Amino acid sequence: MRRKTLALVAAGAGTVLALAACGNNSGGGAAGGSSNGASAGGGPKVGVILPDTKSSARWESFDKPLLQQAMQAAGVDADIQNAQGDPQKFATLADGMIQRGVKVLMIVNLSSEGGAAVEKKAQAAGIPTIDYDRLTLGGTADYYVSFDNVKVGHLQGQGLVDCLSAKNAPKGANIIEIEGSPTDNNATLFHQGQEQVLKPKYDSGDYKLVQSQPVDQWDNQKGGQLFEQILTSNGGKVDGVVAANDGLSLAVITVLQKNGLNGKVPVTGQDATVDGLKALLRGDQCVNVFKPIKQEAEAAAKIAIALAKGDRSAADQVAKASSHDPQGNRDVKSVLLDPIMIKKQDVKQVIDSGEVKASDVCSGDVAQLCQAAGIPAS
Ligand code: BGC
């Protein structure tokens with residue numbers, strides 16, 4: 001605790017103090033001179049590129065501040081940028097960070113191709129890379145920090161089954177799947193996990209898969225339009241919807257509302273965003289998957305900090321799991337955290353974790369629903 005405070009104060013007060021504080025704690029810096037403060041050129045030590053601001057509220061509302069906090073607490077200067085969904089911008093940001101001599105580059109790729117190109121350049125410049133949240137297939141990242149993404153999908157599938165049986169859904173229930181981006185390996189893993197639960201139901205005829213629809217770049221608006229088209233061509237019949245994240249779920253719910261079906265048709269989600277939690281409390285979304293991003297950001301920051309100091313064995317201590325990249329045919333040292341299924345009664349758990357504020361969720365019509373769910377107003 002004391003160490004944290006010291007480093008924080010020092011980071012605020014200036015690089016020299018931060019260097020002194022961290023150098024003392026770590027018992028010496030990396031070979032090659034520079035210790036735990038700024039990079040050789042005096043710029044930020046860790047470069048982070050987040051993917052966009054629209055596919056999920058998580059990147060700007062959770063990941064950015066939590067990564068910033070975790071790096072700051074260790075007295076490491078980080079440059080956290082957002083590619084705004086633009087592959088060109090993603091590449092340009094990475095080039096700039098590599099040129100400025102960051103010690104570590106952490107990326108959330110927009111596609112495996114784009115991510116792999118950046119990682120190759122970083123590798124040529126001797127800069128280690130971390131895949132944050134999304135594995136870059138065919139890439140060269142030294143580490144991968146994420147959740148067990150097949151389990152995320154499994155929980156979505158299981159949640160949907162629970163919700164459908166609670167509603168006594170008819171045999172042959174019509175299911176529409178609105179999936180993530182085909183360019184995102186996570187979307188593939190989420191779908192794999194969902195299939196573990198849903199495929200046997202489709203095979204037995206308990207459920208009928210109307211359509212499984214990937215959504216390019218997780219574009220929420222497009223997801224809503226695609227859902228509407230599928231619903232219309234199925235004669236307005238739907239009993240349950242797999243929506244791969246909260247952004248897509250909210251787009252689906254808007255269409256259901258137009259058709260007077262919200263609250264009647266269970267919809268899944270992911271990310272436990274403020275709007276997702278509100279939809280859960282209102283009964284418009286039936287199940288969400290909470291991924292404690294604080295844990296993800298802290299693990300990634302720990303690895304980045306160790307790598308910035310040139311301490312690979314400390315980084316290995318954090319990344320004890322391993323993930324297979326079928327494209328590159330290699331195993332990547334990983335941190336794979338545990339996702340948590342949440343329903344209406346569990347929203348309190350997310351708020352208690354401190355990641356989402358009650359004041360953000362419990363406003364307007366949701367205030368009363370929060371009270372009923374035992375969430376204290378604060
Ligand atoms: C992340 C999800 C996110 C989605 C869209 C995935 O790779 O794991 O948390 O909702 O991308 O940004």
Side-chain angles (χ1 to χ4, degrees), residues 48-64 66-67 82-87 90 106-112 114-115 130-137 139 141 144-156 177-194 213-224 242-252 267-277 279-280 285 287-297 299-300 323 325 334-342 350 355-356:
V48 181
I49 309 178
L50 299 174
D52 63 67
T53 54
K54 293 196 179 141
S55 66
S56 169
R58 66 167 282 181
W59 306 113
E60 289 295 303
S61 1
F62 301 141
D63 296 274
K64 191 173 179 182
L66 289 167
L67 280 165
N82 193 307
Q84 307 287 351
D86 177 353
F90 182 87
M106 195 192 293
I107 61 166
V108 185
N109 73 52
L110 286 170
S111 72
S112 281
I130 302 170
D131 272 336
Y132 183 72
D133 203 71
R134 299 178 180 166
L135 183 66
T136 298
L137 300 179
Y144 170 51
V145 178
S146 193
F147 287 83
D148 177 341
N149 291 307
V150 174
K151 182 162 177 199
V152 170
H154 189 98
L155 296 178
Q156 290 174 321
E177 298 179 346
I178 302 297
E179 300 290 350
S181 182
T183 54
D184 179 354
N185 182 54
N186 284 347
T188 310
L189 301 178
F190 299 149
H191 189 235
Q192 254 174 41
Q194 293 155 11
Q213 178 64 55
V215 180
D216 227 19
Q217 294 306 322
W218 296 86
D219 182 328
N220 296 178
Q221 211 187 341
K222 193 85 206 290
V242 171
N245 78 350
D246 281 0
L248 294 172
S249 160
L250 295 166
V252 164
V267 182
T268 68
Q270 171 182 190
D271 290 340
T273 59
V274 168
D275 288 334
L277 295 177
L280 208 53
Q285 190 184 92
V287 61
N288 204 313
V289 178
F290 172 44
K291 302 189 295 186
I293 293 174
K294 190 161 188 279
Q295 292 174 18
E296 190 178 20
S323 304
D325 166 6
S334 306
V335 174
L336 295 175
L337 298 158
D338 211 20
I340 303 160
M341 187 204 286
I342 54 162
V350 180
E355 231 157 89
V356 183

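When reading the values below, keep in mind they use all heavy atoms of this one structure, side chains included, and skip hydrogens, waters and symmetry mates. In this text the structure is predicted, and so the values were computed from the model without any measurement. Atoms within a ligand are numbered from 1 in the order they appear, just like the ligands themselves.
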Checklist entry - Between the side chains of N245 and S56, does any donor sit under 3.5 Å from an acceptor? => result no

Checklist entry - Can you list the atoms of ligand 1 that are under 4.0 Å from a heavy atom of S55? => result 5 (C), 12 (O)

Checklist entry - Looking only at N/O atoms, are D271 and ligand 1 under 3.5 Å apart anywhere? => result yes

Next on the checklist: Give the atom numbers and elements of ligand 1 that come within less than 4.0 Å of a heavy atom of F190.
Outcome noted: 8 (O)

Item to check | ligand 1 N/O within reach of D52 N/O, cut-off under 3.5 Å | outcome: no

Next on the checklist: Check for me whether F147 has a heavy atom closer than 4.0 Å to any atom of ligand 1.
Outcome noted: no

Checklist entry - If we only count heavy atoms from C-beta on, is the S146 to R134 side-chain gap below 4.5 Å? => result no

Checklist entry - Can you list the ligand 1 atoms lying under 4.0 Å from a non-hydrogen atom of D184? => result 6 (C), 7 (O), 11 (O)

Checklist entry - Quick one: which of D133, N220, T53 has a heavy atom closest to atom 1 (C) of ligand 1? => result D133

Checklist entry - Given that the side chain starts at C-beta and the backbone is N, CA, C, O, which of these parts of Y132 lies under 4.0 Å from ligand 1, counting heavy atoms, or is it both or neither? => result neither

Checklist entry - Which is it for V152 and ligand 1 at heavy atoms under 4.0 Å: side chain, backbone, both or neither? => result neither

Checklist entry - Which ligand 1 atoms, with their elements, are less than 4.0 angstrom from a heavy-atom of W59? => result 11 (O), 12 (O)

Item to check | Atoms of ligand 1, numbered as shown, that sit under 4.0 Å from any heavy atom of R134 | outcome: 4 (C), 5 (C), 6 (C), 7 (O), 11 (O), 12 (O)

Next on the checklist: What verdict does the side-chain contact (heavy atoms from CB on, under 4.5 Å) test give for V215 and I178, after you've listed the backbone C-alpha separation in whole Å, the side-chain angles of each residue and the deciding distance to 0.1 Å?
Outcome noted: CA-CA 7 Å; V215 180; I178 302 297; 3.7 Å; yes

